[in-house]
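As structure tokens, the structure follows; a few thoughts come after it.
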Amino acid sequence: MTTTAPLPPLPARPPSGCPFDPPEGLARLRLEEPLSKVALDNGGWAWLATRYADVRAILGDTRFSSDTSAPGYPVSGMTGGSPRPGATRGFIRMDPPEHTRLRRMVTRDFMVKRVEALRPTLQRLTDELCDAMERVDRSEHPVDLVQALALPLPSLAISLLLGVPYEDHDTFQRLTGTLLSRDLTEDQREPARVELLAYINQLVNAKKAAPGDDIISRLVTEQYARGELTHEDLVAFAVLLLVAGHETTANMIGLSALSLMLDQETAGRLREDPSLVRGAVEELLRFHSIIRNGPRRAALADVEVGGQLIRRGEGVIVAVPSANRDEDTFPDADRLDIGRPNAQHHVAFGYGIHQCLGQALARAELQVVITTLLRRFPGMRPAVPVEEIPFRTDMVVYGCHALPVTW
Amino acid sequence: MQITIDEAKCCGAGQCVLVAPEVFDQRDEDGIVVLLDATPDAGQHAAVREAATICPAAAIQVRE
């Protein structure tokens, strides 16, 4: 390998005019150089894995560490945890056994049967948001589906679970928006991180003073009271769950709604047979693959992946959008096919022990929203040409900044 | 078909419960996998194989 040519950065932008395509360049890398090197913002480099099999192999192997302080960890632009030494990190940035211990404290809150019990609430919240959309006078200006539905639903749901006052959602949305921006440096993100930590700190103190019926209160009255968690652990839990619960599902809702508006044949099939929605959501998760900056790992040992030796202390970035379009696993991968038999094999929620804790909740929210939108707004369509929709090419989580619609 | 599960590996993602709810459940206390039927009927076999394939923690072993 030549050392003179500068390494390319992580591909981040879909080709012009193709907002649903993965970032440009990933497909070529997957075919020609499935483990390539990319430049990092800090002057270093990391491996970029683009094939489905390699991505599963890396994420399923605990010799690849999630600890942001591990030598070689490709920091920069990551969500939910500070790369600064000593800063509060959520368990998403830890390895076993500590990761296992902490994750298990909140696993039950997101397990399938808990989420199923929550489904009537998700339906009620969705119906109320849809009622409000119907009341808007669209002769003045179109409805922004992001602000009217896509952001508020997951925000309301996670606020309810965590016991966070929904009135504060503007604060988190502003702060998480800053933390998840790819265009800002770590120094520029720092004030938002400090403000979010101060807010959460206050929230945790309020729960200590007056516990309610929510996840943070339970962690306070059980694990914290027994000495299994420190105050800093509680804050890290709350930050992680709040940030993770906000933007991810919101962006999947926006992109899913838009792609169904533009694919009337698929929308018609789903409207006729709502039982197809489960498979449709898996396929939409695969197709859109909104996580665009990772997951990331650091090799704790020399490991061979797909014929390439990755050495101890080297960093790895996994390209989820590329893995989910790998033709070897998903034939005709660039087509949205809601009947795809193995759609659920996608790695949109990651893979391995860090796979998304909130995936059952995300699935339920998406299923409820899609079914409801198709039923109540059969004529919904973008109010502007697709080229004018602002896509989040500048963010760690892809989606639409705004989605003006009418019907 | 004989199924064994490794509770220590399980990360509680719940994919097995979505795919094969008659064979897998999650423990109320901590969301870790519960095997409801270690030798399910042939009608469940495809779903169980799928659950083992998509389990992110490789916590489900199937012998046939």
Side-chain angles (χ1 to χ4, degrees), chain A residues 52 55-62 66 91-92 96-97 99-117 215 218 222-223 278-279 281-282 285-286 295 329 341-364 367, chain B:
Chain A
Y52 178 84
V55 164
R56 276 210 4 168
I58 291 162
L59 296 180
D61 189 333
T62 48
S66 293
F91 56 84
I92 194 172
H99 163 265
T100 315
R101 186 180 80 86
L102 294 172
R103 176 168 165 137
R104 286 188 174 198
M105 290 181 186
V106 286
T107 300
R108 64 167 149 162
D109 299 291
F110 297 94
M111 67 181 167
V112 173
K113 58 190 156 197
R114 281 288 181 88
V115 170
E116 286 309 313
I215 296 174
R218 199 198 69 231
E222 296 183 12
Q223 283 84 1
R278 208 177 122 163
V281 164
E282 299 306 322
L285 286 161
R286 181 194 73 82
T329 303
N342 68 344
Q344 204 175 336
H345 292 202
H346 66 73
V347 289
F349 289 123
Y351 186 75
I353 57 169
H354 289 278
Q355 193 180 59
C356 179
L357 177 67
Q359 58 183 281
L361 179 61
R363 286 182 164 111
Q367 291 162 6
Chain B
M1 172 179 279
Q2 175 75 41
I3 309 168
T4 49
I5 52 168
D6 187 337
E7 286 182 15
K9 280 186 176 176
C10 176
C11 65
Q15 300 237 47
C16 55
V17 184
L18 291 176
V19 172
E22 289 170 42
V23 179
F24 302 101
D25 195 2
Q26 283 169 286
R27 212 153 56 192
D28 288 339
E29 309 87 84
D30 57 8
I32 295 308
V33 63
V34 175
L35 186 56
L36 300 175
D37 185 354
T39 55
D41 295 343
Q44 293 290 330
H45 289 188
V48 170
R49 282 182 213 114
E50 175 75 354
T53 302
I54 62 176
C55 173
I60 302 168
Q61 300 300 323
V62 177
R63 264 188 306 148
E64 301 192 58

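Basis for what follows: all heavy atoms, side chains included, without hydrogens, waters or symmetry-related copies. Protein chains get the first letters and strands the later ones, always in sequence-line order, with residue 1 at the start of each. Everything quoted here is computed from the prediction, not taken from an experiment.
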Chain B/chain A interface donor-acceptor pairs under 3.5 Å:
{"unit_1": "B/Glu7", "atom_1": "O", "unit_2": "A/Arg104", "atom_2": "NH2", "d": "2.6"}
{"unit_1": "B/Ala8", "atom_1": "O", "unit_2": "A/Arg104", "atom_2": "NH2", "d": "3.4"}
{"unit_1": "B/Cys10", "atom_1": "O", "unit_2": "A/Arg104", "atom_2": "NH2", "d": "2.9"}
{"unit_1": "B/Cys11", "atom_1": "O", "unit_2": "A/Arg103", "atom_2": "NE", "d": "3.0"}
{"unit_1": "B/Cys11", "atom_1": "O", "unit_2": "A/Arg103", "atom_2": "NH2", "d": "3.0"}
{"unit_1": "B/Gln15", "atom_1": "OE1", "unit_2": "A/Gln344", "atom_2": "NE2", "d": "3.0"}
{"unit_1": "B/Gln15", "atom_1": "OE1", "unit_2": "A/Arg363", "atom_2": "NH2", "d": "3.1"}
{"unit_1": "B/Gln15", "atom_1": "NE2", "unit_2": "A/Gln355", "atom_2": "OE1", "d": "3.1"}
{"unit_1": "B/Gln15", "atom_1": "NE2", "unit_2": "A/Gln359", "atom_2": "OE1", "d": "3.4"}
{"unit_1": "B/Leu18", "atom_1": "O", "unit_2": "A/Arg278", "atom_2": "NH1", "d": "3.4"}
{"unit_1": "B/Leu18", "atom_1": "O", "unit_2": "A/Arg278", "atom_2": "NH2", "d": "2.6"}
{"unit_1": "B/Asp25", "atom_1": "OD1", "unit_2": "A/Lys113", "atom_2": "NZ", "d": "3.2"}
{"unit_1": "B/Asp25", "atom_1": "OD2", "unit_2": "A/Lys113", "atom_2": "NZ", "d": "3.2"}
{"unit_1": "B/Gln26", "atom_1": "O", "unit_2": "A/Lys113", "atom_2": "NZ", "d": "2.6"}
{"unit_1": "B/Gln26", "atom_1": "OE1", "unit_2": "A/Val112", "atom_2": "N", "d": "2.9"}
{"unit_1": "B/Asp28", "atom_1": "OD1", "unit_2": "A/Lys113", "atom_2": "NZ", "d": "3.1"}
{"unit_1": "B/Glu29", "atom_1": "O", "unit_2": "A/Arg108", "atom_2": "NE", "d": "3.3"}
{"unit_1": "B/Glu50", "atom_1": "OE1", "unit_2": "A/His345", "atom_2": "NE2", "d": "2.8"}
{"unit_1": "B/Glu50", "atom_1": "OE2", "unit_2": "A/His345", "atom_2": "NE2", "d": "2.9"}
{"unit_1": "B/Thr53", "atom_1": "O", "unit_2": "A/Arg56", "atom_2": "NH1", "d": "3.2"}
{"unit_1": "B/Thr53", "atom_1": "O", "unit_2": "A/Arg56", "atom_2": "NH2", "d": "3.1"}
{"unit_1": "B/Cys55", "atom_1": "O", "unit_2": "A/Tyr351", "atom_2": "OH", "d": "3.3"}
{"unit_1": "B/Pro56", "atom_1": "O", "unit_2": "A/Gly352", "atom_2": "N", "d": "3.2"}

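- Ranked by heavy-atom pairs under 4.5 Å with chain A, the list B/Val19, B/Ile54, B/Val17 is led by B/Ile54.
- Atom CD1 of B/Ile60 and atom CZ of B/Phe24 lie 4.0 Å apart (nearest 0.5 Å).
- Residues B/Cys10 and B/Gly12 come closest through the heavy atom pair SG-N, 3.3 Å.
- Of all heavy-atom pairs spanning A/Ile353 and B/Ala57, the tightest one is CG2-CB, 4.4 Å.
- Across every non-hydrogen atom of A/Val115 and A/Ala364, the tightest pair is CG1-CB, 3.6 Å.
- Proximity to chain A is limited to the backbone of B/Ala8, based on heavy atoms less than 4.5 angstrom apart.
- Applying a 4.5 Å heavy-atom cutoff, the residues of residues 31-42 of chain B that approach chain A are B/Gly31, B/Ile32.
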